[in-house]
Asks: 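My structure is below; once you've seen it, I'll send some questions.
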Amino acid sequence: ASYRGVVAETASGRTCQRWDGQAPHRHSRTSANYPDAGLEGNYCRNPDGERSPWCYTTDRFVRWEHCSIPACTAPTAPNEENRDTCYKGNGAAYNGVVSVTDRGLTCQRWDQQYPHRHNFNGLEENYCRNPDSGVRPWCYTSDPSVRWQYCTVPKCDEE
């Protein structure tokens, strides 16, 4: 249910139908009905708890099929001593574990689309990052009324 990659072809090689399309197959698996399922483009997804991600196909004779998604291996967490405790420059390379904003709000997990939808993929936990090379590390907040804030990550003393 959590796959958010860009595979758009079934295990047998059929092209996936767009989730927002109703041809050739009409269906109820839409982002309106499954708002947290990541039903975007024609990417393989698992909105309803199937055994693996799947999609409707563009083949009018084959309604849907499972996709062949390579299994992930659990990432090995970097050793704490390899984690940044401050950021350099604009913090684009910061890999620390701060997950609180300057104003004390907890950061939203990067693999979640609630309370704030976004297009950043592959970022870790709810740690502050600077994926858009902005001013400094930031995060989307867990407060529905505050979209994002800068984080409490200190700037390194640069010599």
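Everything quoted here is computed from the prediction, not taken from an experiment.
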Asks: Asn126 side chain to Gln108 main-chain N or O, any donor-acceptor pair under 3.5 Å?
Replies: no
Asks: Check whether any side-chain heavy atom of Pro47 lies under 4.5 Å from a side-chain heavy atom of Leu39, and answer yes or no.
Replies: yes
Asks: Under a 4.5 Å side-chain heavy-atom rule over Ile, Leu, Val, Met, Phe, Trp and Tyr, are Trp64 and Tyr34 clustered together?
Replies: yes
Asks: Side chains of Thr101 and Thr152, heavy atoms from C-beta outward: is any pair under 4.5 Å?
Replies: no
Asks: Would you call Tyr127 and Glu125 a side-chain contact if the rule is heavy atoms closer than 4.5 Å?
Replies: yes
Asks: May I ask you to test the Asn42-Thr15 pair for a side-chain heavy-atom distance under 4.5 Å?
Replies: yes
Asks: Indicate the atoms forming the closest heavy-atom contact of Pro144 with Pro115, along with that distance.
Replies: CA-CB, 3.7 Å
Asks: Would you name the heavy atoms of Pro24 and Arg60 that are closest together and state the gap between them?
Replies: CB-CB, 3.9 Å
Asks: Going by salt bridge (Lys or Arg N to Asp or Glu O under 4.0 Å), name the pairs with one or both residues in residues 16-31, residues two or more places apart or in two chains.
Replies: Arg18-Asp20, Arg29-Asp48
Asks: Do the charged groups of Glu65 and Arg14 touch, with an N to O distance under 4.0 Å?
Replies: yes
Asks: Side chains of His66 and Asn46: does their closest heavy-atom pair fall under 4.5 Å?
Replies: no
Asks: When you measure from the side chain of Gln149 to the backbone of Cys139, do you find a donor-acceptor pair of N or O atoms at a distance under 3.5 Å?
Replies: no
Asks: Nearest heavy-atom pair of Cys86 and Tyr94: which atoms, and what distance?
Replies: O-CD1, 3.7 Å
Asks: Do the side chain of Asn95 and the main chain of Asp84 share a donor and acceptor less than 3.5 angstrom apart?
Replies: yes
Asks: Can you tell me if Asn130 uses its side chain to pair, donor with acceptor, with the backbone of Gly91 under 3.5 Å?
Replies: no
Asks: So do Cys67 and Cys16 actually touch side chain to side chain, heavy atoms under 4.5 Å?
Replies: yes
Asks: Does a sphere of radius 6.0 Å around OH in Tyr43 hold more than 12 heavy atoms from other residues, nucleotides or ligands, not counting ones at 6.0 Å or beyond?
Replies: no
Asks: When clusters are formed from ILVMFWY side-chain contacts under 4.5 Å, directly or step by step, what else is grouped with Trp138?
Replies: Trp110, Phe120, Leu123, Val135, Tyr140, Trp148, Tyr150
Asks: Compare every heavy atom of Thr30 with every heavy atom of Gln22, then report the nearest pair and how far apart it is.
Replies: NE2-CG2, 4.0 Å
Asks: Taking a hydrophobic cluster as the set of Ile, Leu, Val, Met, Phe, Trp and Tyr residues connected by side-chain heavy atoms closer than 4.5 Å, whether directly or through intermediates, do Tyr56 and Val7 fall within one such cluster?
Replies: no
Asks: Indicate whether any N or O donor in one side chain lies under 3.5 Å from an N or O acceptor in the other, for Thr141 and Asp143.
Replies: no
Asks: What are the two closest non-hydrogen atoms of Ser133 and Asn90, and how far apart are they?
Replies: O-ND2, 3.5 Å
Asks: For Glu40, is there an ion pair with Arg4 - N to carboxylate O distance below 4.0 angstrom?
Replies: no
Asks: Nearest 0.5 Å please: distance from the CH2 atom of Trp19 over to the SG atom of Cys55.
Replies: 6.5 Å
Asks: Are the side chain of Arg147 and the backbone N or O of Arg117 linked by a donor-acceptor pair below 3.5 Å?
Replies: yes
Asks: Verify, without hydrogens or angle tests, whether Arg45 (side chain) and Gly38 (backbone) share a donor-acceptor contact under 3.5 angstrom.
Replies: yes
Asks: Taking all heavy atoms of His27 and all of Gly21, pick out the closest pair and write down the distance.
Replies: NE2-O, 2.9 Å
Asks: Give, for atom SG of Cys44 and atom CD1 of Ile69, the distance between the pair rounded to the nearest 0.5 Å.
Replies: 4.5 Å
Asks: Between His118 (side chain only) and Asp111 (backbone N and O only), is there a donor and an acceptor less than 3.5 Å apart?
Replies: no
Asks: So, Glu50 side chain and Trp54 main chain: donor-acceptor pair closer than 3.5 Å or not?
Replies: no
Asks: Does atom CZ of Arg63 have more than 12 heavy-atom neighbours, drawn from other residues, nucleotides or ligands, at distances under 6.0 Å?
Replies: yes
Asks: Test side-chain contact (heavy atoms from CB on, under 4.5 Å) on Val98 and Arg83; report intermediate values, then the result.
Replies: CA-CA 10 Å; Val98 172; Arg83 291 290 192 160; over 6 Å; no
Asks: Where the side chain of His25 meets the backbone of Val62, is there a donor-acceptor pair that is under 3.5 Å apart?
Replies: yes
Asks: Ignoring hydrogens and geometry, is there a side-chain-to-backbone donor-acceptor pair from Ser31 to Pro35 under 3.5 Å?
Replies: no
